[in-house]
There are 2 protein chains.
Amino acid sequence: MEARHLRYAVALAEHEHFGRAAGELGIAQPPLSKQIADLEREVGARLFDRTRQGVFPTAAGEAFLARARRALDEIAAATVDAGRAARGETGRLRLGFIASALLDPLPGVLSRFGRERPDVRLELHEMATSRSSPALVAGELDVAFTLGPPRGAGAEHLVSVPVGHDHVIAVVSTVHPFAGQQAVSADQLRRQPLIVSAGEDEPAVVAGLRTLLGTDSSALGGATAARDVHTIIGLAASGVGVGLGPSRMRAVPRPGVRFCDVTPRTPLPDLVLSFAARDHSPVLRAFLDTIRKNCPDVGAALNDRLRHHT
Amino acid sequence: MEARHLRYAVALAEHEHFGRAAGELGIAQPPLSKQIADLEREVGARLFDRTRQGVFPTAAGEAFLARARRALDEIAAATVDAGRAARGETGRLRLGFIASALLDPLPGVLSRFGRERPDVRLELHEMATSRSSPALVAGELDVAFTLGPPRGAGAEHLVSVPVGHDHVIAVVSTVHPFAGQQAVSADQLRRQPLIVSAGEDEPAVVAGLRTLLGTDSSALGGATAARDVHTIIGLAASGVGVGLGPSRMRAVPRPGVRFCDVTPRTPLPDLVLSFAARDHSPVLRAFLDTIRKNCPDVGAALNDRLRHHT
DNA sequence: CATGGCGATATCTTTGAGGTATGGCCAGCA
DNA sequence: TGCTGGCCATACCTCAAAGATATCGCCATG
């Protein structure tokens with residue numbers, strides 16, 4: 001049985017007349033008669049009563065037509081749904097990100113993406129760089145914000161694009177002596193109780209701080225450890241010490257704290273967007289496009305990537 | 001787009017391999033490649049990723065396949081449903097009947113039919129013969145039990161089959177003097193307070209009673225009128241008088257009453273089963289078949305009718 | 001570098017959908 | 001009662017396209 005048979009039966013039921021139904025279908029009457037006869041033979045039951053007054057479905061015909069109409073609706077919807085999925089209007093995006101990404105690029109990116117693609121299901125997973133890389137390789141994530149380029153086995157199958165540069169800044173309570181300063185020096189910091197990251201991404205941050213304070217610095221050893229940037233800011237606000245973290249902390253103004261530059265300017269690993277090189281999913285492409293529109297200093301690699309698939 | 005395209009896409013998704021899917025479909029690999037290519041062109045999106053590891057649906061393909069599977073399910077169900085409807089296993093039967101039919105043939109017929117055709121929706125409408133005939137002609141009923149053959153305009157398009165003969169019997173309270181008698185005479189009845197039908201089918205019954213009691217009988221004029229046989233029996237049980245009604249009253253034994261034959265035996269119009277002559281509905285046929293199996297003294301016309309359609 | 005497996009392409013064959021002409025049937029009508 | 005017209009079915013032909021066979025190009029293996 002073919003969709004043609006369903007279309008012909010539905011048209012015949014609608015027009016109650018072989019000739020007019022055939023005309024509507026753009027075919028002649030004899031082929032329609034034959035197709036309906038073939039259909040009735042295949043179904044094993046008479047589907048239409050041919051009377052002098054018109055052609056009307058039998059009980060079997062009514063039962064058949066109800067299913068036929070639903071089948072035709074599904075077929076029509078199949079094309080529509082496939083088109084929407086192909087354009088990235090529907091689907092799913094599994095996004096991994098480090099906690100600090102929630103400060104700066106994510107709020108803007110997610111709200112814009114949610115507006116542009118309301119029917120895409122977003123799955124957000126906060127995770128350290130060390131976990132998101134294998135998840136991308138294994139296909140458990142579609143895209144991830146990581147601290148520095150992804151590392152580990154299979155990383156060569158990932159594309160990485162820096163979406164923002166980063167350096168160390170300090171955060172202090174408004175009543176702290178540093179609060180009025182534009183910048184604080186490494187020397188000043190060495191004489192303060194410090195609050196630093198202790199999350200899984202710690203090594204990268206600690207490396208930056210060692211560069212800043214000197215490898216012999218004992219200040220780092222006595223520093224308070226916090227799991228993520230939000231905790232660092234909170235502890236600094238309550239006067240526990242001077243928080244040190246990525247410059248993206250500035251993106252979330254918060255009463256009770258001030259941010260200070262740190263001299264010398266100490267770079268941290270870039271915030272990087274990674275995804276599988278062979279992932280051509282239109283939803284991913286749409287997400288990358290949103291990133292490009294939302295992050296002015298996005299790397300050239302992303303533009304290349306987008307141009308490549310347009 | 002044809003059902004073939006859906007079947008091929010589903011098979012390809014299942015086997016993840018053009019060659020094996022084609023083998024399963026009973027065709028060679030090149031035609032399958034072409035059909036899938038045609039499908040992708042018509043949908044306007046790539047539906048499968050051909051990789052070295054296998055053939056996998058894209059996001060668009062997944063969306064398409066979900067709809068395709070449902071469409072194919074509907075198509076398969078269409079044939080099944082049509083077959084069931086053609087065999088009269090599903091559908092609807094609108095049955096009109098006079099109240100007294102509830103006494104005798106209906107309980108057995110309906111319980112048997114309900115067991116044999118559990119998926120047929122039964123619509124029961126108690127109505128007088130004068131109403132069921134036009135309803136049958138207008139197609140608002142499928143079949144009806146009437147008192148005597150249907151009358152009125154269009155009755156020639158109806159088939160009528162007597163399903164039981166009927167005559168007048170008397171019903172009295174167990175404490176009534178008649179209670180011990182096998183039969184009562186017209187003379188005895190003329191000297192008793194009577195309870196007779198006053199429903200829409202009254203004329204037929206009254207005509208029978210006039211035959212019994214004589215047209216000059218004043219007893220009928222003073223009789224208590226009851227709308228249906230159940231009321232006649234109830235009034236007789238409470239001692240209001242002697243109930244006169246169809247012999248089918250006997251089918252419902254009820255404590256507190258006795259039934260007596262009436263002499264001379266006075267026939268009433270037969271209980272008749274009627275339906276539209278051109279109605280070949282399988283549900284109707286199944287119902288007639290049940291009637292035949294349940295009513296031993298069914299008319300030859302019904303057997304003819306059933307044989308005609310076997 | 002050779003090999004084998006896989007999907008795409010080219011070309012031919014054959015099925016069957018659809019067109020035209022016509023037949024059979026029945027209601028309406030003179 | 002025979003005629004006529006409308007309607008669906010049948011007969012037969014045509015041609016598009018589904019499918020078969022042969023082959024190519026590609027790439028991951030050894």
Side-chain angles (χ1 to χ4, degrees), chain A residues 1-58 60-61 65 68 72 75 154 156-157 276-278 280, chain B residues 1-43 45-58 60-61 65 68 72 75 154 156-157 277-278 280:
Chain A
M1 189 181 314
E2 289 298 332
R4 181 184 53 255
H5 295 114
L6 310 187
R7 283 188 280 266
Y8 288 6
V10 168
L12 181 56
E14 184 169 335
H15 291 89
E16 303 178 342
H17 187 286
F18 275 81
R20 282 191 287 278
E24 197 67 28
L25 289 166
I27 64 173
Q29 169 260 317
L32 178 58
S33 283
K34 181 173 189 320
Q35 292 298 314
I36 295 293
D38 290 349
L39 176 61
E40 289 178 324
R41 192 174 35 70
E42 181 173 356
V43 169
R46 178 142 284 234
L47 299 179
F48 292 95
D49 270 336
R50 287 80 158 163
T51 73
R52 224 24 67 170
Q53 290 73 32
V55 178
F56 304 100
T58 61
L65 285 163
L72 291 173
I75 291 175
E156 67 275 14
H157 297 128
R278 43 183 61 206
H280 296 186
Chain B
M1 189 181 314
E2 288 298 331
R4 181 182 53 255
H5 294 114
L6 310 187
R7 283 188 279 265
Y8 288 6
V10 168
L12 181 55
E14 185 168 334
H15 292 88
E16 303 178 344
H17 187 287
F18 274 82
R20 282 191 288 277
E24 197 68 28
L25 290 166
I27 63 174
Q29 170 260 317
L32 178 59
S33 284
K34 182 174 188 321
Q35 292 298 314
I36 296 292
D38 289 350
L39 176 61
E40 290 178 323
R41 193 175 36 70
E42 182 172 354
V43 169
R46 177 142 285 235
L47 299 179
F48 292 95
D49 271 336
R50 287 81 159 165
T51 75
R52 221 29 62 171
Q53 290 73 29
V55 179
F56 304 101
T58 60
L65 285 164
L72 291 174
I75 290 175
E156 67 275 14
H157 297 128
R278 44 185 60 206
H280 296 184

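Letters go in sequence order (proteins before strands), and every chain restarts at 1.
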Rounded interatomic separation in angstrom, taking [atom1] from [X] and [atom2] from [N]:
X        : N       : atom1 : atom2 : answer
Leu39(B) : dA18(D) : CG    : C1'   : 15 Å
Gln35(B) : dG7(C)  : CD    : P     : 16 Å
His5(A)  : dG16(C) : NE2   : P     : 11 Å
Arg20(B) : dG5(C)  : CZ    : P     : 12 Å
Lys34(B) : dA16(D) : NZ    : P     : 14 Å

Give the nucleotide from the list [options] with an atom nearest to the side chain of [X].
X        : options                  : answer
Arg50(A) : dC7(D), dC8(D), dG7(C)   : dC8(D)
Pro31(A) : dA8(C), dC8(D), dG18(C)  : dG18(C)
Arg4(B)  : dG19(D), dT10(D), dC6(C) : dG19(D)
Tyr8(B)  : dG19(D), dG7(C), dG18(C) : dG19(D)

Quiz item: Going by number, which of residues 21-30 of chain A have a non-hydrogen atom under 4.0 Å from DNA chain D?
Solution: Gln29(A), Pro30(A)

Where do N or O atoms of nucleotides 25-30 of chain C meet protein N or O atoms at under 3.5 Å, pair by pair?
unit_1  : atom_1 : unit_2   : atom_2 : d
dC26(C) : O4'    : Arg52(A) : NH2    : 3.4

Quiz item: What nucleic acid atoms does Phe48(A) come within less than 4.0 Å of, heavy atoms only: base, sugar-phosphate, or nothing?
Solution: nothing

